[in-house]
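Read the numbers this way: they start at 1 and go in the same order the structure lists the ligands and their atoms. Worth knowing before you read on, the calculation uses all heavy atoms, side chains too, and leaves out hydrogens, waters and symmetry mates.
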Amino acid sequence: MDVRPRELAPISLTVNGNVHELEVEPRWLLCDVLRHQLGLTGTHVGCEHGVCGCCTVLIDGRPARSCLMFAVTADGADIRTVEGLARGDGKLHPLQTAFRRHHGLQCGFCTPGFLMAALPIYRRAGALSDDELREALGGQLCRCTGYVGIVAAVRAAAEIEAGDSAP
Ligand code: FES
Ligand code: FES
C-alpha cells in the first residue's frame, strides 16, 4: 500500500467573480475541483474525455472543456460557470429565459454546457446562418432535443436581453 503523503499544490481561481485559494492534487481535473471543492455542481460531467461538452465553462472568456484541464493548469484563471449566469436577485440570464421559452432543454443534462458555449456568441447570433450557428455550437452534444429548440433559443436571447433593458 502506498502511504506517501498526498502532494498538494496551491492555486488561485477566480470563479464567477469570487477568488478561491485552494490546494489541489496535480491530477485533479478542473471540473472535479469546481464540483467537489467549490460545490458548483452546475458544471456537469458526461464523457470525461472531451466529447460531449457538458463540462464547458468559460476560462478567461473563452469556452473550454473543464474535463480536459487539470486544475493546476488553471491557476490564476478567471472562470465563469453556469452558476454565474443568473443575477444575484435570482432573475434568469436572457439565455436561460430563452432556453426555457423555446424548449431548448428536456432532461437538462447538456444545458449548462450549451449555455456557456453560447454565452460569447448569442449577441451576434442574428448575423449567423443556421449552419454557422450550429457549427459554433457543434462542440456540444444533446441527446434529447434534436437541437432545433436550442438554436431558436440562442437566436432569441439577444432580443430578450434588449427587452429586459428597455426603459
Ligand atoms: S465531460 Fe467534458 S467533454 Fe464530456
Ligand atoms: S436536454 Fe437532455 S441531453 Fe440535452
Side-chain angles (χ1 to χ4, degrees), residues 9 11 13-16 18 20 22 24-86 90-122 125 128-161:
I11 63 168
L13 302 178
T14 301
V15 184
N16 301 327
N18 300 312
H20 299 275
L22 301 165
V24 299
E25 288 192 39
R27 67 190 175 91
W28 288 352
L29 299 173
L30 178 59
C31 58
D32 291 332
V33 168
L34 291 172
R35 288 174 55 83
H36 303 303
Q37 306 303 114
L38 299 183
L40 297 172
T41 54
T43 297
H44 290 169
V45 175
C47 65
E48 279 190 283
H49 59 271
V51 175
C52 71
C54 287
C55 63
T56 299
V57 297
L58 296 192
I59 299 180
D60 296 329
R62 303 182 63 173
R65 281 146 156 63
S66 58
C67 76
L68 292 185
M69 192 168 187
F70 293 117
V72 285
T73 62
D75 183 24
D78 183 39
I79 296 170
R80 194 165 179 193
T81 71
V82 71
E83 288 89 349
L85 283 184
K91 184 173 170 56
L92 294 179
H93 186 279
L95 264 174
Q96 294 172 306
T97 301
F99 268 64
R100 184 169 68 178
R101 200 173 285 175
H102 291 271
H103 308 289
L105 67 149
Q106 288 181 27
C107 79
F109 195 81
C110 69
T111 308
F114 269 102
L115 290 169
M116 301 319 291
L119 191 59
I121 62 167
Y122 75 93
L128 302 177
S129 69
D130 267 3
D131 282 350
E132 289 169 332
L133 189 48
R134 284 171 180 266
E135 174 75 21
L137 298 171
Q140 314 302 122
L141 297 183
C142 175
R143 299 202 298 184
C144 303
T145 64
Y147 302 98
V148 173
I150 291 173
V151 170
V154 175
R155 284 203 180 288
E159 206 171 309
I160 292 170
E161 185 171 59

Original post:
Is the backbone of V57 close enough, under 3.5 Å, to the side chain of R80 for a donor and an acceptor to pair up by distance?
Top reply: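 The answer is no, because no donor-acceptor pair under 3.5 Å joins these two groups.
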
How far does [atom1] of [X] sit from [atom2] of [Y], to the nearest 0.5 angstrom?
| X | Y | atom1 | atom2 | value |
| --- | --- | --- | --- | --- |
| L38 | E83 | CG | CD | 9.5 Å |
| L115 | L95 | CG | CG | 6.0 Å |
| I79 | H20 | CD1 | NE2 | 9.0 Å |
| Q37 | W28 | CD | CH2 | 4.5 Å |
| D78 | D60 | CG | CG | 6.0 Å |
| T81 | I59 | OG1 | CD1 | 11.5 Å |

Original post:
Do other residues, nucleotides or ligands put more than 12 heavy atoms under 6.0 Å from the CD atom of E25?
Top reply: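 Result for CD/E25: enclosed.
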
Original post:
Can you list the protein N, O or S atoms less than 2.8 Å from atom 2 (Fe) of ligand 2?
Top reply: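 Per the 2.8 Å query on atom 2 (Fe) of ligand 2, atoms found are C107 SG, C144 SG.
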
**OP:** Kindly say whether the aromatic ring centers of H93 and Y122 come within a distance under 6.0 Å.
**Re:**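 Between H93 and Y122, the centre distance is under 6.0 Å.
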
Original post:
Which N, O or S atoms belonging to the protein are less than 2.8 Å from atom 2 (Fe) of ligand 1?
Top reply: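 As for protein N, O or S atoms lying under 2.8 Å from atom 2 (Fe) of ligand 1, they are C55 SG, C67 SG.
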
